[in-house]
There are 2 protein chains.
Amino acid sequence: MATGRTHRPATRSRGIPEATVARLPLYLRALTALSERSVPTVSSEELATAAGVNSAKLRKDFSYLGSYGTRGVGYDVEYLVYQISRELGLTQDWPVVIVGIGNLGAALANYGGFASRGFRVAALIDADPAMAGKPVAGMPVQHSDDLEKIIQSNGVSIGVIATPAGAAQPVCDRLVAAGVTSILNFAPTVLQVPDGVDVRKVDLSIELQILAFHEQRKAGEEADAIAATAAAADAVVVPAADSVPPPATRGETAADADADAADRKGPDGDVPAVMPA
Amino acid sequence: MATGRTHRPATRSRGIPEATVARLPLYLRALTALSERSVPTVSSEELATAAGVNSAKLRKDFSYLGSYGTRGVGYDVEYLVYQISRELGLTQDWPVVIVGIGNLGAALANYGGFASRGFRVAALIDADPAMAGKPVAGMPVQHSDDLEKIIQSNGVSIGVIATPAGAAQPVCDRLVAAGVTSILNFAPTVLQVPDGVDVRKVDLSIELQILAFHEQRKAGEEADAIAATAAAADAVVVPAADSVPPPATRGETAADADADAADRKGPDGDVPAVMPA
DNA sequence: ATGTCTTTGTGAACGCGTGCACAAAGATTG
DNA sequence: CAATCTTTGTGCACGCGTTCACAAAGACAT
């Protein structure tokens, strides 16, 4: 998942560990599904399977919220849905603004799930004057000149940034100055924010790179296994990837890498959004 | 950030801790920016600031890759870019398929950053026959009937799922059966996969819920602070959120929550994608 | 060459998160 | 009402990740 808290790393807020908070939405989703099927109770084992976690972990997570289960029976689905919703603050209304209405911003605006959990898209904002007034997801795009006014008149405290990388920090600064204290960042940049402001980032490019790493490792292990079985006779196998460019004493090996970097530096830096470099 | 590894939790692959792997793309991006500005070397301190991490952490991360720095000077930017790229497997070509070409899928397809890091969109796949042949991001959408054929003929090992929640697991199963071993999931579902397959998820809804939690906590602390200063005279303050619905012995308190759940269950479950419930 | 100054690389301590394993609690049955 | 059975809640131990703090390494000046 495109994850990444940025600030407030281990701030175990009110005794609930950050790791637990991150799992509560998962439990909530599983519980909501059960609720829709009118299932009255679940055991920690069943719910854990549905949420893709360990049952001991789930029980410990719930223990931070209080003792909402019944021994020998399990957890009351509806009651737990309510408790978790309340704990996450989903029983209240959260107006949200989306800044940067490109492909991604429009996709986010069109997402129907916002309203389903207490989140409400209060405004769509873009810097392009040509976008102003244009309806996206049944809502007129507003120009970023009015950003501060929009934030304040709607009491917005959560902002979503879906701008190109270059615009993200300035937009972030304006959001924060206008009173936003939580930001979800889709732009491929590390945002600098003052204390007290939470930033979470969604970064497709990073996720893909992590997958590529594991993919490469799997391929390597496979190759190793093959080499191990096939070899045993001949000592020298295929040259390992490590040995490709002679590290040298630095100085001009760098030139090679330089060429590479120059080749691929094109589209990054100012792309629409979603995946960072 | 919308993150979340699923399987292979702490598989410290080849001695490189998972947490370090997750930060390498961050360093790489910062280094690429320096490279474009033709900066020859950076200190761990400078680079750490740019990447938004602690310098000790950065040095330790790099120490897992080898000793690529020079004491008293810092790190050679180009050399490090090359080493990290190689470590992440970005020096090779990774064909990727995107399944589910709705708003989000189209946004992803239009993202220009794919090609910039060794990733190449090999195909766009959708289950809607009306989409077949329609060009998106200059590439014709193909019907999901041909999914297996497409995967195999292109040697795809990484798949991106941007379908509605209900379609995600079946699509995942087909991808895996066809040979995909890494999946980036945008659908709001927990995917079940066999051992050896990596799944990462990007889940907007979860990210927003986590932000809401912290937002609520901030508001609560503020209120507490105000209460603490203003009160001191009157013992009973505003009823805490905790006491709103009398927990009762369970049984019909559930009915209240039930009504709530019914109200908000609408748009979830089968939404386009991006944010899960 | 020698000394000084900068910055890396890492040993060690600490804290958070995870998972085991079991005792306590309650439901259920006879 | 006693016995049995199920499932929660948690004490404990372990391991990963983070951070501190410093010795070693090298650049640079004299």
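Numbered from 1 within each chain, the chains take letters A, B, ... in sequence-line order. Everything numeric in this text was worked out from a predicted model, so none of it was measured.
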inquiry  = Can you work out whether B:S43 or A:D61 has the more 5'-proximal nearest nucleotide on DNA chain C?
reply    = B:S43
ask   = Which parts of nucleotides 23-30 of chain C does protein reach within less than 4.0 Å, heavy atoms only, written one letter per nucleotide 5' to 3' as B for base, S for sugar-phosphate only and - for none?
value = -BB-S---
query = Side chains of A:E78 and A:Y82: do they bring a donor and an acceptor to under 3.5 Å?
reply = no
message = Of the listed nucleotides (D:dG17, C:dG9, C:dT18), which one gets closest to any side-chain atom of A:K57?
response = C:dT18
query = Which whole-number value in Å describes the distance from A:R59 CZ to D:dT7 C1'?
reply = 8 Å
request  = Please answer whether the main-chain N or O of B:Q192 pairs with a side-chain N or O of B:Q169 as donor and acceptor at a distance below 3.5 Å.
outcome  = yes
message = Heavy-atom nearest nucleotide on DNA chain C for A:T20 versus B:V42: which residue maps closer to 5'?
response = B:V42
task = Before giving the answer on ring-ring contact (aromatic ring centres under 6.0 Å, His included), spell out for A:Y68 and A:Y79 the whole-Å C-alpha distance, their side-chain angles and the decisive distance to 0.1 Å.
result = CA-CA 8 Å; A:Y68 295 147; A:Y79 188 64; 5.4 Å; yes
remark   = Which of D:dA21, C:dC20, D:dT8 is nearest the side chain of A:N54? It is C:dC20
ask   = Please, which pairs that meet ring-ring contact (aromatic ring centres under 6.0 Å, His included) have at least one residue in residues 23-49 of chain B, sequence neighbours excluded?
value = B:Y27-B:F62
key: Length of the CG-P vector between B:L47 and C:dT6, whole Å   = 20 Å
query = Hey, does the side chain of A:Y68 come within less than 4.0 Å of D:dT7's phosphate (OP1/OP2), counting only N and O?
reply = no
ask   = OP1, OP2 of D:dG17 versus side-chain N and O of B:Y64: anything below 4.0 Å?
value = no
query = Over how many whole Å does the gap from B:L58 atom CG to D:dT19 atom P extend?
reply = 12 Å
ask   = Roughly, in whole Å, what's the span from OH in B:Y75 to P in C:dT6?
value = 18 Å
ask   = Could you give the CG-to-P distance, from A:L65 to D:dT8, as a whole number of Å?
value = 15 Å
key: Below 4.0 Å: OP1/OP2 of D:dT8 and any side-chain N or O of A:S44   = yes
note = Separation of D:dT19 atom C1' from B:E45 atom CD, nearest Å, is 13 Å
query = When you measure from the side chain of B:T70 to the backbone N and O of B:V73, does any donor-acceptor pair fall under 3.5 Å?
reply = no
ask   = Do A:K60 and C:dT18 have a side chain to base donor-acceptor pair shorter than 3.5 Å?
value = no
Flag, side chain of A:N185 to backbone of A:T189, donor-acceptor distance under 3.5 Å = yes
ask   = With sequence neighbours left out, what residues match B:A33 under side-chain contact (heavy atoms from CB on, under 4.5 Å)?
value = none
ask   = Nearest of C:dG17, C:dG19, D:dT18 to any side-chain atom of B:R23?
value = D:dT18
query = When the distance from CD of A:E18 to P of C:dT18 is rounded to whole Å, what number comes out?
reply = 12 Å
